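All remarks here apply to the structure that follows.
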Amino acid sequence: MNALLPLWSFVVRTSVKWPVLRTLAPFVPVVALWWAVAAWGPFPPAFFPSPPDVWTKFVTLMEKGILPEYLGDSVGRLAIGAAVGIGLGVPLGLWVGLSKGAHRALWPVLLFFQAIGDIAWLPILIIWFGFGLTTMTFVIVYTVLFPVILNTVLGVRSVRIELHRAAQSLGAPPWRILTEVVVPGALPNIMTGLRNGLGYGWRALIAAEMIVGTSGIGFLMFDARRAGSVTEIVLGMIVLGILWYIVDAWILAPIEQATGRRWGLVTQ
Amino acid sequence: MERTSRFSAALIFVAPLAVLVVLWAVLVPALGVRPQIFPSVAAVGRAGIDSILDGSLLRHVAASVSRVAIGTVLAVLVAVPLGILMGVSRGVSAFVTPLMRFFSVLAGIAWIPIATLWFGYGFGAIVFVIFNAVFFVVAYNTLLGVSTIPMTLRHAAASLGAGRRSMLTDVLLPGALPNIVTGIRTGLGFAWRGLIAAEMIATDVGLGYMLFVARDFYQTEVIVLGMIVIGTLWLLIDRLLLVPLERATIERWGLVSP
Amino acid sequence: MKSLSLKNLAKTYFDAYKGEHVTAIRDVSLEVPAGEFVSIVGPSGCGKSTILNMVAGFIPHSGGDILVGGEAVKGPGPDRGVVFQSFALFPWKTVLDNVGFGPKMRGVPKAERDAIAREYLALAGLSHAADRYPNELSGGMQQRVGVVRALANQPDVLLMDEPFASVDAQTRMTLQDELSRIWEERRPTVVFITHDVPEAVFLANRVVVLSKGKVLAEVDVPISRPRVWDRLVADDQFKDLSNQVLALVRSA
Ligand SMILES: Nc1ncnc2c1ncn2[C@@H]1O[C@H](COP(=O)(O)OP(=O)(O)O)[C@@H](O)[C@H]1O
Ligand SMILES: [Mg+2]
């Protein structure tokens with residue numbers, strides 16, 4: 001045990017110097033274990049590829065340009081979905097949050113359509129729009145939209161009445177109250193909604209690409225499944241995991257926290 | 001008083017949905033929408049009655065619900081103890097956090113291809129996808145929950161004479177419970193979507209399958225019926241399971257400002 | 001500065017839960033000349049906040065008139081500045097931007113409103129906190145900002161609803177000293193609501209005792225200014241007046 005202490009303190013010191021290492025280091029033993037199981041384990045390679053297999057596949061697909069193209073397709077679809085989802089969801093959420101009548105009329109409907117869930121729409125969308133981009137875009141927008149709307153509504157309604165009153169008695173007209181009080185007050189919730197929405201959205205995208213796609217990472221994985229190429233499936237999973245880890249841990253979570261922390265508006 | 005107000009609250013909740021159904025009943029014939037594009041209310045009603053009478057609806061619902069139930073219960077039973085174990089030590093939790101985070105962002109649908117390869121099409125693959133969706137999210141949240149319990153709380157318990165066992169049952173588990181519940185909500189959300197997707201791809205029974213087969217025959221009334229059933233089931237899961245769970249932990253303990 | 005006058009003011013709420021009307025304010029008449037400091041005291045639930053919310057224009061009144069400088073109030077407006085018990089600072093704005101909010105709504109350019117805000121922050125000894133966010137300040141500091149924010153908008157009447165009730169006793173006395181000093185410098189018209197009798201007497205020219213939605217008594221406070229706690233704690237006139245008001249509140 002004691003012999004390991006210097007090693008441990010070395011790990012601690014380097015990870016303080018380069019924080020990225022702290023994130024990456026834990027994957028080293030996991031990959032090592034994976035390698036060991038692939039090499040000496042009971043599974044045939046067609047069933048359980050080894051890290052070098054996946055790396056070789058990665059290099060091949062990069063050289064052929066397939067992986068960059070598919071990755072670009074998936075990310076592009078998600079970006080469009082996110083943009084449309086925010087563009088529609090935030091104004092709608094503000095409206096439903098501010099208007100008592102709209103809230104009474106629409107809240108149950110919103111909850112119900114959110115409950116149906118994106119993927120259940122695929123069959124009827126395929127009937128309406130066929131296999132293709134429209135269907136996929138619809139599914140992603142739908143998935144991103146509801147968490148954004150619902151959280152925006154919650155955010156708007158969580159702004160304390162005194163803040164509205166304070167702004168009014170300082171001379172703010174209604175539209176300034178919207179921009180100066182309601183929107184910033186709801187912002188942490190809006191970010192939470194966006195983070196949840198994108199979390200669900202990219203899963204829906206993967207499903208849609210598997211079921212209706214002709215390109216994209218989901219399609220790559222499912223096409224590989226049909227061909228029985230487990231290496232490509234694993235590669236697809238790793239690419240997805242890394243991509244989403246970066247988006248979530250390095251972009252979405254920090255934005256979400258930055259809005260809430262300094263203002264002391266703690267969101268769970 | 002209490003009863004009537006709950007009743008009227010339910011009425012207020014249902015009214016907008018009823019309006020929606022009326023709109024649907026009026027608009028579909030008025031606009032002359034073809035049944036291959038969108039079904040009439042009556043057609044969906046008939047499809048509902050038929051599928052109840054021949055038992056097929058129950059079969060699909062039972063298949064879907066039992067898969068989710070089995071996968072989720074197994075996942076929670078394994079994930080919570082593991083999450084607590086990993087969270088107790090600062091060093092271990094700092095080390096495994098990126099791993100758990102990686103796997104929980106990957107959880108669910110992305111595992112469908114490899115699950116069907118490993119387990120073949122059918123029950124095993126689907127339960128695996130659900131297990132996986134719930135497991136990583138719950139384990140990650142439990143880990144977060146335990147490692148954010150203030151050290152002072154643990155010290156307080158220790159100096160009050162708490163042993164290992166009661167530290168676990170009286171401090172760590174309850175302290176992490178709100179996070180565990182959050183994890184279960186998120187995980188179940190992923191699992192439910194994963195279920196529908198997996199059933200479309202990899203089985204011959206279940207709600208996702210029911211929808212996807214109906215598509216082959218342009219039976220939009222069956223598709224819409226299935227969507228309504230899926231939506232209603234999720235609302236039931238939410239109201240009867242998740243909301244009471246959250247009420248009992250997160251809100252009750254005032255850990256989240258209302 | 002303008003005068004405030006309440007004429008036969010009344011308010012009934014509809015209690016939706018009980019399904020009946022509740023009379024919170026029966027018949028309140030009150031004259032506050034321009035530049036006077038009036039405290040309203042009374043036990044919890046006697047209708048103090050209701051009066052203030054009606055004057056501020058946050059809730060409609062059911063009967064009577066509210067006149068500011070002779071004109072009837074319609075809804076909230078910048079002529080009546082409000083200081084809230086819960087501070088009600090905008091958490092997403094720095095102290096400087098909170099204080100500059102009123103001028104910003106009037107369309108004052110950035111540089112100019114920052115200058116105004118800094119001037120008022122200096123008045124309360126808050127210059128060093130200009131770039132902080134509210135949640136980085138103590139409760140006492142936050143309420144200083146709340147007072148300064150209302151003042152910087154130069155309202156005709158300043159309305160304060162138990163503004164110091166949620167800060168600790170020590171800080172409260174400091175805030176009272178400061179408010180008294182600021183009032184002596186600027187002489188705004190103030191309606192100050194509290195259930196703390198010494199606070200009411202310390203600050204006001206006149207104390208109004210409210211009971212069950214009606215004015216029970218008005219007590220003039222002729223104690224000389226400047227008023228500071230160091231002097232008043234041992235002041236006999238202050239003690240007598242406090243005891244007199246306290247007896248009235250007890251009988252309410
Ligand atoms: N929105 C409301 N609906 C019904 N009754 C109210 C409402 N607000 C206040 N009241 C009632 O009016 C009375 C006066 O309340 P309030 O002005 O808040 O008293 P105070 O500020 O003096 O403690 C209380 O009996 C209270 O219950
Ligand atoms: Mg009050």
Side-chain angles (χ1 to χ4, degrees), chain A residues 8 22-27 30 47-48 104-109 111-124 126-128 143 158 196 199-200 202-204 206-208 210-211 217-218 221-222 224-225 228 230 233-234 236-238 240-242 244-245 247-249 266-268, chain B residues 12-17 19-20 36-38 91 94-99 101-103 105-106 108-114 116-118 178 182 186 189-190 192-194 196-197 200-201 207-208 211-212 214-215 218 220 223-224 226-228 230-235 238 250 255-258:
Chain A
W8 175 238
R22 207 176 334 186
T23 308
L24 293 181
F27 291 92
V30 170
F47 209 69
F48 200 90
R104 206 169 295 148
L106 292 180
W107 186 248
V109 177
L111 284 186
F112 187 76
F113 278 91
Q114 130 116 346
I116 293 177
D118 36 77
I119 292 158
W121 279 86
L122 273 178
I124 204 160
I126 294 171
I127 290 179
W128 290 346
T143 321
S158 73
N196 289 345
Y200 286 119
W202 82 268
R203 285 177 168 79
I206 300 307
M210 284 184 196
I211 294 167
I217 299 293
M221 290 164 68
F222 206 64
R225 164 70 185 89
V230 70
I233 299 180
V234 172
M237 291 172 69
I238 293 174
L240 281 180
I242 292 174
W244 203 251
Y245 192 102
V247 172
D248 190 65
V266 183
T267 51
Q268 45 155 318
Chain B
I12 288 171
F13 188 84
V14 171
L17 294 171
V19 171
L20 205 65
Q36 292 92 327
I37 299 293
F38 203 82
F95 189 77
V96 294
T97 297
L99 284 177
R101 192 157 183 175
F102 178 84
F103 283 105
V105 297
L106 196 60
I109 286 168
W111 287 81
I112 291 176
I114 206 160
T116 55
L117 202 89
W118 284 347
T182 308
T186 314
F190 293 158
W192 188 247
R193 285 143 207 261
I196 305 298
M200 287 185 186
I201 294 169
L207 287 165
L211 292 193
F212 214 62
R215 184 199 60 90
Y218 289 91
T220 54
I223 296 181
V224 171
M227 289 167 71
I228 293 175
I230 289 172
T232 310
L233 278 177
W234 178 255
L235 280 183
D238 184 65
I250 303 173
L255 293 168
V256 173
S257 53

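The model shown is predicted, which means the values in this text are computed figures rather than measured ones. Computation of the quantities below employed the complete heavy-atom set of this structure, encompassing side-chain atoms and omitting hydrogens, waters and symmetry-equivalent molecules. Within every chain, numbering begins at 1; the chains are lettered A, B, ... in the order of the sequence lines, protein sequences first and strands thereafter.
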Go through the atoms of A:L24 and report whether side chain, backbone, both or neither lie under 4.5 Å from a heavy atom of chain B.
-> neither
Check whether A:V109 gets within reach of chain B through its side chain, its backbone, both or neither, counting any heavy atom under 4.5 Å.
-> both
Please name the pair of heavy atoms, one in B:G231 and one in A:A115, separated by the smallest distance, quoted to 0.1 Å.
-> O-CB, 3.4 Å
Report the distance from atom CD of B:Q36 to atom CD1 of A:I127, rounding to the nearest 0.5 Å.
-> 9.0 Å
For chain A, which of B:F190, B:W192, B:F103 has the most heavy-atom pairs under 4.5 Å?
-> B:F190
With chain A, the option among B:V19, B:T116, B:L235 that has the most non-hydrogen atom pairs under 4.5 Å is B:T116
Can you see which heavy atom on A:P26 is nearest to which on B:F95, and at what distance?
-> CG-O, 2.9 Å
Just wondering, are more than 12 heavy atoms of other shown residues or ligands nearer than 6.0 Å to CZ in A:F27?
-> yes
Against chain A, label B:L233 side chain, backbone, both or neither, depending on which of its atoms sit under 4.5 Å from a heavy atom there.
-> neither
Most contacts with chain B, counted as non-hydrogen pairs under 4.5 angstrom, among A:W107, A:W202, A:Y200 = A:Y200
A:M210 versus B:I109, closest heavy-atom pair with distance = CE-O, 3.5 Å
Pick one of side chain, backbone, both or neither for B:I37, based on which atoms fall under 4.5 Å of a heavy atom in chain A.
-> both
Side-chain touch B:R215/A:L122, heavy atoms, less than 4.5 angstrom | no
Under 4.5 Å from a heavy atom of chain A, the part of B:T232 involved | both
Of the backbone (N, CA, C, O) and the side chain (C-beta and beyond), which part of B:M227 lies under 4.5 Å from a heavy atom of chain A, both, or neither?
-> both
Answer with side chain, backbone, both or neither: which region of B:I201 has an atom nearer than 4.5 Å to a non-hydrogen atom of chain A?
-> side chain
At what distance, to the nearest 0.5 angstrom, does CD1 of A:I233 lie from CH2 of B:W111?
-> 11.5 Å
Using a cut-off of under 4.5 Å for heavy-atom pairs, which of B:I112, B:I230, B:I223 has the most such pairs with chain A?
-> B:I223
Could you check whether the rings of B:F102 and A:Y245 sit parallel, tilted or perpendicular, using 30° and 60° as the cut-offs?
-> tilted
Which heavy-atom pair separates B:M200 from A:I119 by the least distance, and what is that distance?
-> CE-O, 3.2 Å
Heavy-atom pairs under 4.5 Å with chain A are the metric here; pick the option from B:G189, B:G226, B:A15, B:G108 that has the most.
-> B:G189
Main-chain N/O of A:I116 paired to B:W234 side chain as donor or acceptor, under 3.5 Å = no
For A:A207, is it the side chain, the backbone, both, or neither that has a heavy atom closer than 4.5 Å to a heavy atom of chain B?
-> both
Which bit of B:V224 is near chain A, if near means a heavy-atom gap under 4.5 Å: side chain, backbone, both or neither?
-> side chain
Inter-residue atom distance B:F212.CZ - A:I211.CD1, 0.5 Å rounding = 5.5 Å
B:L211 and A:A120: which non-hydrogen atoms are nearest, and at how many Å?
-> CD1-O, 3.5 Å
Using non-hydrogen atoms only, which part of A:A224 is less than 4.5 Å away from chain B: side chain, backbone, both, or neither?
-> neither
Partner chain A: residue of B:I114, B:L17, B:V105 with the largest heavy-atom pair count (under 4.5 Å) = B:V105
Using a cut-off of under 4.5 Å for heavy-atom pairs, which of B:I196, B:L117, B:I228, B:I12 has the most such pairs with chain A?
-> B:L117
What part of A:I242 gets closer than 4.5 Å to chain B, counting heavy atoms only: side chain, backbone, both or neither?
-> both
Could you tell me which non-hydrogen atom of A:F113 sits nearest to which non-hydrogen atom of B:L20, and how far apart they are?
-> CE1-CD2, 3.5 Å
